[in-house]
Amino acid sequence: MRACLIAILGVAACGDAAAPPTVLDNGPLRVLVFADPPAIQIGHAATGTPDGLADVLWETLPGGGVATGQPPARFAATRSETATAQMLFGAFKFTEPKLADAPWTGVDHLGAVAVDASGAAITFELRGGGKALGTGSIGFAAEPANTAAGDPTHVAIGLHFTGGNRASLAARCGADEHFLGLGAQSWDVDHRGNTVPLWVQEDGIGKSDAADDDYGGIWFLSGRKHSTHAPMPMLVSSQGYALAVTGDARAVFALCSEDPTAARYETWSPDLDLHLFLAGSPTAAIDKLTGFVGRPDIPPTIVFAPWMDAIFGSANVRQVAADARAAGIAVSAIWSEDWRGGQDEGTGYSLDEDWHYDTTLYPDFPQLADDLHGLGFDFLTYNNTFVDSLADVYDEATTAGYTIHKDGGLYTFDGVKFRSTTLLDLTNPAAVTWAKDVYKVGLAAGADGWMADYGEWLPTDAVLASGEDAALVHNRYPRDWAQINHDLAAERQAAGKDFLYFMRAAWIGSQPLIQVFWPGDQQTDFSLGDGFPSVIPMAIGLGVTGFPYFGSDIGGYMSQSTVPTTKELFFRWVELGALSPVMRTHHGRSARENWNWQKDAETIAHFRRWTRFHMRLVPYLESLAKDAHDRGLPLIRAIALAYDEPWAWTITDEYLLGDILVAPVVTEGATNRSVHLPVGTWYPLAGGAAIAGGVITADAPLTELPMYVPEGALILTWPDGVDTVRAAPAATGAITAADIGGDRTLWLWPSSGAAIAHRCEVDGTTCFDWTPRPASAGAPTSATWNGAPATITAGAGFVEIEVTGTGTLTLAGGGSLAAASGDAARHLVVRIYNP
């Protein structure tokens, strides 16, 4: 680390000379801190240029006073205000004074600017209006663990105000800059032009794009534009950097919305800690960002195999399981959300809030679990942290003091059953231990995991066992809830058993603790914001902020204010689910009216086809999971992460699943759609002629999903026919993952000059390298495998070559495939498309 302070050696006689900046260097990066007006610039060091920078990678706006009634588009600012928060049904209404009544005080000067004794940071005093406001620092932090080696990228900025309870920092907003991230946002992929409050809460039902401070109507049910279970104070910029604001206070990101030149970051705290990763490209920045917050472990293989729901009790669950096997549905997990009880109500099928299995609906739960395991299914259930007044654990939990309190007594609110409810106090270690013990009862009875629901409802005025301010614990609550599930998974997996859990609520720091994320309770319709189309922007925003293993409720969940799931919606959602990391159905609130896979023969065939397609993709998805674990790359990716085209930063209805460009049909009644393809040559994944990049119109009848691969692509799959990844001793004729062993099928496309395509399995050693065959060469007529002739079989638009073991396949006329490591007895089917 090299640091130097450029001292002020003198003052010009005229009194108008600006003081030189304080400088901090680390490798090629240089930080400049200006005292008056206050500002920060970061770039690459250079000699012979103004201020010694070759470029500016990131900079704050200059400091100064803030006009009364205006937001602070200035270097930094603080204010004091008293806001109130009302919680109803997991939604929060914030009331705060107007800016004119509680104005911002801008930092107009930095005092005592100096490189600290360690030489690793510059410290300074924050001053404004002639008085001290606090202190600050900027320095080079340690590079995140498990990220790519290279030049330093991590810069940490800390502001600590003493005279206010809000903090703000404003950076320069580039003229054409785009911002991805912010977690599970359902309206936008690029958040430029938005002011986004970041607070964990219910999404709302039929969420509109209403302003976030618009609390009209039934505000606690309807939601607003940025209401979400999983807001993330994290973003990735098109200019090649990423940032995160740490801490658990409510945050506000105003991204070129209040002022077109300002990207402003605010915390509802006197402290603002911002971490910058100046990595040079969005993908490199994601690597550093996700390495900083932590990445989840690669989940068990069964996560990537299809799951399905089955409810209404033991008899029906057995019947659904048997029907699925008989129909050839490729499913490896069944989840029964009503294992704790459920009944039909006027608003749909409603779950009980007990914590143990219901002996009326599931009188033989352990035997049911054994039966499902015999058929090759993991058995998943449902849990949350509510303690309902009629729950079977209510007396035990409340008497022991395991729940939240208020004014010396129990804190209750109207819960999901519209009756008095309280909440597990996750700051109480005894409560956490007790809850884990109750959850383990379900595991001992045969469950293999569950939906770990909710996490958004902690009231800001609750009294907690830890003595902490509940307003500062609120956002942390879902992280603590995830920790419980992560701990149970670790115990279970240490014993050699599967444990699957999926969650919808999160905050920064939840990333390494959540195995699978689902985006909540979408409407059972095609509406923007909260219906089927909302899934794609949420998946993209979650992916870049560190949640790679994603799957939505196929068919949707909430039918309130809309109609039950139609056949068309179910078909379209099945297709999207098949091209998601996790494919899972949900019966939905209108469980008896919603369309499902068993409604008619056409639907059974559709579901069978797409579950089998998804099952084939398991090794491909696992290979993408290795990328997520090693480099932070999400499985569902914004197209802009691979193709820097203007439209790719803003498009909300297309995405990349690794190399596959997926364009779901999200418009009701549509049988075709416009598809944006990046510059280059593309091929339909299902086979067909080459297509030049640009905007095309794709045919998309109800059973089809437009999906494309770039020239020279390599897609790694299992052979067709796998029914489950589990052992299935009681399922006659079922083919398991163990049965196919190392057998694989590879789909390869030609190229007019694309680079070698490289794909490794999740073990990191079983790898394939495809040197693409020239598109002009046509179908190969001869080939050798390790020098010996190989047999070529012609298909419709492709040829296939079957080989055994490891080695190199060489095609006459160009193109080769190297297959390294793996089982010497494995059977490889190599399909080469030649449209």
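Residue numbers start at 1 and run along the sequence shown.
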What residues form a salt bridge (Lys or Arg N to Asp or Glu O under 4.0 Å) with Asp338, not counting sequence neighbours?
->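 Result, salt bridge (Lys or Arg N to Asp or Glu O under 4.0 Å) vs Asp338: none returned.
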Could you check whether [Y] and [X], counting side-chain N and O atoms only, form a donor-acceptor pair closer than 3.5 Å?
X: Gln560; Y: Thr347; result: no
X: Gln522; Y: Asp203; result: no
X: Thr724; Y: Ser332; result: yes

Hey, does [Y] have a side-chain heavy atom less than 4.5 Å from the side chain of [X]?
X: Leu656; Y: Leu641; value: no
X: Arg589; Y: Glu345; value: yes
X: Trp307; Y: Thr585; value: no
X: Leu705; Y: Val665; value: no
X: Thr433; Y: Lys436; value: no
X: Phe547; Y: Ser510; value: yes
X: Phe379; Y: Leu500; value: no
X: Tyr454; Y: Val416; value: yes

Counting distance only, does the side-chain N/O of [X] pair as donor-acceptor with the main-chain N or O of [Y] below 3.5 Å?
X: Asn594; Y: His587; result: yes
X: Gln511; Y: Gly509; result: yes
X: Trp355; Y: Phe386; result: yes
X: His191; Y: Leu182; result: no
X: Ser227; Y: Gly204; result: no
X: His373; Y: Ala369; result: yes
X: Asp525; Y: Ser527; result: yes
X: Gln523; Y: Phe532; result: no

Set of side-chain contact (heavy atoms from CB on, under 4.5 Å) partners for Thr603, sequence neighbours left out |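 Only Lys567, Phe570, Phe571, Trp595, Asp600 meet the side-chain contact (heavy atoms from CB on, under 4.5 Å) criterion with Thr603.
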Could [X] and [Y] be called an ion pair, given the rule that one side-chain N must be under 4.0 Å from one carboxylate O?
X: Asp448; Y: Lys497; answer: no
X: Arg295; Y: Asp287; answer: yes
X: Glu491; Y: Lys440; answer: yes
X: Arg584; Y: Asp309; answer: no
X: Asp498; Y: Arg492; answer: no
X: Glu761; Y: Lys626; answer: no
X: Asp364; Y: Arg318; answer: yes

Of all the heavy-atom pairs spanning [X] and [Y], show the shortest one and how long it is.
X: Gln598; Y: Ile604; value: CA-CG1, 4.1 Å
X: Phe304; Y: Ala625; value: CZ-CB, 3.8 Å
X: Pro634; Y: Pro548; value: CA-CB, 4.2 Å
X: Arg726; Y: Ile302; value: CG-CD1, 4.0 Å
X: Ala330; Y: Thr611; value: N-OG1, 3.2 Å
X: Trp573; Y: Ser552; value: NE1-OG, 3.0 Å

Atom [atom1] in [X], atom [atom2] in [Y]: separation rounded to 0.5 Å?
X: Lys225; Y: Lys207; atom1: NZ; atom2: NZ; value: 10.5 Å
X: Leu542; Y: Ile636; atom1: CG; atom2: CD1; value: 9.5 Å
X: Ile311; Y: His586; atom1: CD1; atom2: NE2; value: 8.5 Å
X: Glu593; Y: Ser559; atom1: CD; atom2: OG; value: 8.0 Å
X: Ile660; Y: Ile715; atom1: CD1; atom2: CD1; value: 4.0 Å
X: Leu375; Y: Ile334; atom1: CG; atom2: CD1; value: 8.0 Å

Quick one: are the ring centres of [X] and [Y] less than 6.0 Å apart?
X: Tyr349; Y: Phe312; value: yes
X: Phe550; Y: Trp518; value: no
X: Trp199; Y: His474; value: yes
X: Phe517; Y: Tyr549; value: no
X: Tyr382; Y: Tyr501; value: no
X: Phe418; Y: Phe89; value: yes
X: Phe502; Y: Trp450; value: no
X: Trp457; Y: Tyr477; value: no

In sequence, state the C-alpha distance, the side-chain angles, and the governing distance for Asp248 and Val473, and then conclude on side-chain contact (heavy atoms from CB on, under 4.5 Å).
-> CA-CA 7 Å; Asp248 295 328; Val473 175; over 6 Å; no
Partner of Met615 under side-chain contact (heavy atoms from CB on, under 4.5 Å), picked from Val331, Thr717, Val725, is Val725
Is Arg612 close enough and on-axis enough to Phe607, meaning under 6.0 Å and within 45°, for cation-pi?
-> no
